[in-house]
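Here the structure is laid out as structure tokens; the discussion comes afterwards.
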Amino acid sequence: MRWWDIEPVLELEKDLFPEDAWSRGMFWSDLAHARGPEATRRYFVAEDESADGSRRIIGYGGLAAAGDVADVQTIAVAREHWGTGLGATLLTELLRAATAFECAEVMLECRVDNVRAQKLYERFGFEPIGFRRGYYQPGNVDALVMRLRDPAASVPEAPSAPSAPSAPSAPSAPSVQGTESNG
């Protein structure tokens, strides 16, 4: 994610999280720490290309690292892409970033009423460890705190070259792009 992605990300953020959407300043602040040798953040956007060649952001995710602990700051996928595996792709990239930051564990908070997200995190090995009462405001919704030990062990191997040709008419997958860190 780069600064020019903030406006389209905010549109998606407000659609998906109307009560507790991040502000422009929150994204700017995190992106300020996503580049250079002292980077502590990593953000990705997923884009989909339309028939006319224009690109649209359909998902994003962010991670913060401090010492040997990383924290998933956000993951969001446009509603029309729910169930496509895009959330898992974004989470995989965040776990790869945590591994690159040499983090031993990854933490996150998830709304207690977001069962779909909880199931995704559990598939990757996250375990519930507690609650934060009234964490999501102004709705006063509790957060389930989850932890993953050893993110490197939960990252799927990079796909190898296919042994058989792929289907010629298969649709192209959305591309995921992130900020580069030199740390």
| task | Take Leu95 and Val72 through the side chain to side chain contact (heavy atoms under 4.5 Å, CB included) test and state the conclusion after the steps. | result | CA-CA 9 Å; Leu95 295 178; Val72 173; 5.6 Å; no
| said: The test is side chain to side chain contact (heavy atoms under 4.5 Å, CB included); show your working for Gln73 and Trp22 and say whether it passes. | reply: CA-CA 10 Å; Gln73 300 293 289; Trp22 278 32; 3.8 Å; yes
| task | Applying side chain to side chain contact (heavy atoms under 4.5 Å, CB included), run through Val106 and Met146 and close with a yes or a no. | result | CA-CA 8 Å; Val106 178; Met146 302 181 84; over 6 Å; no
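Salt bridge absent: Arg149 and Glu127 never bring a charged side-chain N and a carboxylate O closer than 4.0 Å. Look at Arg55 and Glu49 and you find a salt bridge, because one of the NZ, NE, NH1 or NH2 atoms lies within 4.0 Å of a carboxylate O, short of that distance. Note on Arg96 versus Glu93: salt bridge recorded, some NZ/NE/NH1/NH2 to OD/OE distance being below 4.0 Å.
Minimum interatomic distance between Gly67 and Cys103 (heavy atoms only, all atoms of both residues): O-SG, 4.1 Å. For the pair Pro18 and Asp15, the tightest heavy-atom approach, listed with the atom from each and the gap, is CD-O, 3.8 Å. The shortest heavy-atom contact between Phe17 and Ala76 is CE1-CB, 3.8 Å. In plain terms, the two heavy atoms of Thr99 and Pro151 that are nearest each other are OG1-C, 3.8 Å. Of all non-hydrogen atoms in Ser23 and Leu10, the two that sit nearest each other are C-CD2, 3.9 Å.
Using a 4.5 Å cut-off on side-chain heavy atoms (C-beta onward), Asp71 and Leu63 make no contact. Put simply, the side chain of Phe131 reaches to within 4.5 Å of the side chain of Leu144, judged on heavy atoms. Side-chain atoms of Met1 and Phe44, non-hydrogen and from C-beta on, never get closer than 4.5 Å to each other. Taking the side chain as every heavy atom from C-beta outward, Phe27 and Glu13 approach each other to under 4.5 Å. For the pair Leu148/Leu108, no side-chain contact is recorded, criterion being any heavy-atom separation below 4.5 Å from C-beta on. No side-chain heavy atom of Val141 sits less than 4.5 Å from a side-chain heavy atom of Tyr135. Inter-residue side-chain proximity for Tyr60 and Asp5 is flagged as unmet; no heavy-atom pair is nearer than 4.5 Å.
Looking only at distances, a side-chain donor or acceptor of Gln118 sits under 3.5 Å from a matching main-chain atom of Val112. Checking side-chain atoms of Ser154 against main-chain N and O of Phe124 turns up a donor-acceptor pair under 3.5 Å. A donor-acceptor pair is defined here as one N or O able to donate and one able to accept, closer than 3.5 Å; such a pair exists between the side chain of Gln137 and the backbone of Gly134. Using modelled atom types, one side-chain atom of Thr89 and one backbone atom of Gly85 make a donor-acceptor pair closer than 3.5 Å. Under a 3.5 Å cut-off, the side chain of Ser29 and the backbone N or O of Gly25 do not form any donor-acceptor pair.
Relative orientation of the Trp28 and Trp3 rings is parallel, given thresholds of 30° and 60° on the angle between their planes.
When hydrophobic residues (I, L, V, M, F, W, Y) are linked wherever their side-chain heavy atoms come within less than 4.5 Å, the members clustered with Val69 are Met107, Ile129, Val145.
Counted within 6.0 Å of CD on Glu122, heavy atoms from surrounding residues, nucleotides or ligands total more than 12; the atom is thus considered enclosed.
Contacts of Trp82 classified as side-chain contact (heavy atoms from CB on, under 4.5 Å), with partners at least two apart in sequence or in another chain: Leu16, Val77, Arg79, Arg116. A search for side-chain hydrogen bond (donor to acceptor under 3.5 Å, both in side chains) contacts involving Asn114 returns nothing, not counting sequence neighbours. Among residues two or more places apart in sequence or in another chain, the side-chain hydrogen bond (donor to acceptor under 3.5 Å, both in side chains) test is passed with Asp142 by Arg133. Evaluation of the side-chain hydrogen bond (donor to acceptor under 3.5 Å, both in side chains) rule for Arg132 yields Glu109 as partners, not counting sequence neighbours. Under the side-chain contact (heavy atoms from CB on, under 4.5 Å) criterion, Glu80 pairs with Arg56, Ala78, sequence neighbours left out.
A salt bridge (charged side-chain N to carboxylate O under 4.0 Å, His left out) with Asp30 is found for exactly one of Arg24, Arg35, Arg41, namely Arg41.
Between the CG atom in Asp68 and the CZ atom in Phe101 there is a gap of 13.5 Å [rounded to 0.5 Å]. To the nearest 0.5 Å, the span separating CG on Leu94 from CD1 on Ile75 amounts to 5.0 Å.
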